[in-house]
Amino acid sequence: MAVDQRSAMRNEPAVASGYDNPPPRMGFFTDTTVCIGCKACEVACKEWNLVPEDGIDLLGMSYDNSGGLGADTWRHVAFIEQPLPVGRQAPAFAGTPTGPSAGADAGMVRSATTSAPTGAQAHGAVADRQPEFLGMPSTQLPGRANGGPREDMRWLMMSDVCKHCTHAACLDVCPTGALFRTEFGTVVVQEDICNGCGYCIPACPYGVIDQRKGDGRAWKCTLCYDRLGAGMTPACAKACPTESIQFGPWDELRERAQHRVDQLHELGVTEARLYGEDPGNGVGGDGAFFLLLDEPEVYGLPPDPVVTTRDLPRMWRRAGAAALAMAAAVVAAFGGAR
């Protein structure tokens, strides 16, 4: 198979955008089962990309102090703190890092029977070894009641980010070319070209893009395009201590993600599922996809995202046909009046 054919198969978005023989498509796979909510990714993203701080606001109900993605929050660690759904029990599972360099935590078995938001927990799960490295007995851990684990609450955590869609509606509506597809298949905003029109904001099916106050221009994750060009890992993935955020060639990440889901299913975590990796979904597959432990809506993700501009060609065709019909009617009316 020729080199350009292989490139076309592995990096369709870049090839469709006119790149000849592009490198492999790069992306993120976020395994939420090993996210500990440390927010190292948020900090690393801000530091590397010089994203302004957006203050500390606990929102009155959560440990989540950023609330959601925005112009000044390109990585957002969501905390979902809630009672377990009726009839559901928290399963025990192995929250093992799945990246290529899984370290000391590789043999750690996590028990999903506590709501403690700190330490090595993963979505309602806390490591059996946790009291050792927290320096406190298990009966004093947050979420413990009467010396035993709380089984009525759960903590779900997820580091959210721009999805870098295969079919990106934001690219369709940008009038200045500020948004462009990179050779790595990602989507980037060029701040020196953006005119602040805001068309890309309602076009995004995930509500990722936002305008910065006092600036007016659109901002979002670039998947650290400058680092990719230098062969470096994006700052957020580099900083993640549990390898919850994994970076690499998109096809390899999809295989790794499916293996992880199969592993969890074998351990009895039947609710584990992937979100966004399917090329057949409404946006042609996300460049950044996730392993979830519940329905997407629980994490604030749309269950069936679509390319918001998918109907534009048909609408323009209909509008053109209507305009021609109206013009013909006017000509006929004036012609008949003579």
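Keep in mind the model is a prediction, meaning the values are calculated, not measured.
- Following chains of ILVMFWY side-chain contacts shorter than 4.5 Å, one can reach Leu223 starting from Tyr19, so the two form part of one hydrophobic cluster.
- Arg25 approaches His164 most closely through the heavy-atom pair NH2-O, 3.1 Å.
- Between Asp72 and Arg212 there is a salt bridge, with a side-chain nitrogen of the basic residue lying less than 4.0 Å from a carboxylate oxygen of the acidic one.
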Quiz prompt | side-chain contact (heavy atoms from CB on, under 4.5 Å) evaluation trace for Leu228 with Phe247 | solution = CA-CA 11 Å; Leu228 265 59; Phe247 163 76; 4.0 Å; yes
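- Side-chain contact between Pro23 and Glu183 is present, with heavy atoms from C-beta onward closer than 4.5 Å.
- In this structure, the side chains of Asn11 and Pro24 stay at 4.5 Å or more apart for every pair of heavy atoms.
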Quiz prompt | Stepwise side-chain contact (heavy atoms from CB on, under 4.5 Å) test for Ser244 and Thr30 | solution = CA-CA 5 Å; Ser244 172; Thr30 301; 3.9 Å; yes
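- Partners of Arg181 by side chain to side chain donor-acceptor pair (under 3.5 Å), not counting sequence neighbours: none found.
- You'll find the side chain of Pro302 stays beyond 4.5 Å of the side chain of Pro205, heavy atoms only.
- A pairwise comparison of heavy atoms in Trp250 and Glu277 identifies CZ2-O, 3.9 Å as the closest pair.
- Every side chain to side chain donor-acceptor pair (under 3.5 Å) that Gln258 has, sequence neighbours left out, goes to Asp262.
- Thr182 contributes a side-chain N or O that, together with a main-chain N or O of Phe184, makes up a donor-acceptor pair within less than 3.5 Å.
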Mind listing the side-chain donor-acceptor pairs of residues 284-291 below 3.5 Å, one per line with the distance, residues two or more places apart or on another chain?
residue : atom : partner : partner atom : Å
Asp286  : OD1  : Tyr206  : OH           : 3.0
Asp286  : OD2  : Tyr206  : OH           : 2.8

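- In this structure, Glu295 and Glu271 have side chains that are not in contact, with every pair of non-hydrogen atoms separated by 4.5 Å or more.
- Cys174 places a side-chain heavy atom less than 4.5 Å from the side chain of Thr176.
- For the atom pair SG (Cys162) and NE2 (His76), the distance works out to 15.5 Å, reported to the nearest 0.5 Å.
- Follow the hydrophobic side-chain contacts under 4.5 Å out from Tyr225 and you never reach Trp219; the two are in separate clusters.
- The line from OG1 of Thr222 to CZ of Arg227 is 10.5 Å long, rounded to the nearest 0.5 Å.
- In this structure, Ile193 and Gly177 approach most closely via the heavy-atom pair CG2-C, 4.3 Å.
- Under the 3.5 Å distance criterion, the side-chain polar atoms of Thr242 are matched with a main-chain donor or acceptor of Val34.
- By the 4.0 Å N-to-carboxylate-O rule, Arg154 lies close enough to Asp294 to be salt-bridged with it.
- Heavy atoms only, all atoms of each residue included: Ala14 and Gly185 are closest at CB-N, 4.3 Å.
- Chaining together hydrophobic side chains whose heavy atoms lie under 4.5 Å apart places Leu171 alongside Leu179, Val187, Val189.
- Gly248 and Leu253 get closest at one heavy-atom pair: O-CD1, 3.5 Å.
- Ala169 and Val307 make their closest contact through CB-CG1, 4.0 Å (heavy atoms, listed as atom of the first residue, atom of the second, distance).
- Note that CZ of Arg256 is 12.0 Å distant from CG of Asp251, once rounded to the nearest 0.5 Å.
- Judged by a 6.0 Å distance limit and a 45° cone about the ring axis, Arg75 is positioned over the six-membered ring of Phe28.
- Screening Cys240, Pro234, Cys236 for a side-chain contact (heavy atoms from CB on, under 4.5 Å) involving Cys41 leaves a single residue, Cys236.
- Between Leu301 and Asp160 the shortest side-chain heavy-atom distance falls below 4.5 Å.
- The shortest side-chain heavy-atom distance between Cys221 and Cys45 does not fall under the 4.5 Å cut-off.
- A side-chain donor-acceptor contact under 3.5 Å links Ser17 to the backbone of Pro13.
- In the hydrophobic clustering of this structure, Leu156 groups with Leu264; members are Ile, Leu, Val, Met, Phe, Trp, Tyr whose side-chain heavy atoms approach within less than 4.5 Å, directly or through other members.
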Practice problem: Show the numbers, then the answer: is there a side-chain contact (heavy atoms from CB on, under 4.5 Å) between Ile201 and Gln211? | Solution: CA-CA 8 Å; Ile201 295 174; Gln211 288 173 298; 3.3 Å; yes
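- Distance check: Asp226 CG to Trp48 CH2 gives 6.0 Å after rounding to the nearest 0.5 Å.
- With rounding to the nearest 0.5 Å, the separation of CG in Asn281 from OG1 in Thr166 is 7.5 Å.
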Self-check item: Test log, rule side-chain contact (heavy atoms from CB on, under 4.5 Å), inputs Trp74 and Leu69
Solution: CA-CA 6 Å; Trp74 299 0; Leu69 294 172; 5.8 Å; no
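- To the nearest 0.5 Å, atom CE of residue Met158 and atom CG of residue Leu293 are 11.5 Å apart.
- Annotation: salt bridge (charged side-chain N to carboxylate O under 4.0 Å, His left out) contacts involving residues 36-51, sequence neighbours excluded, comprise Lys39-Glu42, Lys39-Asp64, Lys46-Asp54.
- Residues meeting the side chain to side chain donor-acceptor pair (under 3.5 Å) test with Tyr199, sequence neighbours left out: none.
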Exercise. Using the salt bridge (Lys or Arg N to Asp or Glu O under 4.0 Å) rule, take Asp31 and Arg260 through it: C-alpha gap first, then chi angles, then the decisive distance, then the call.
Key: CA-CA 9 Å; Asp31 182 351; Arg260 174 62 172 159; 2.9 Å; yes
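- In this structure a side-chain-to-backbone donor-acceptor pair under 3.5 Å is missing from Asn49 to Val51.
- Crowding of His259 atom NE2: a count of heavy atoms from other residues, nucleotides or ligands under 6.0 Å not exceeding 12.
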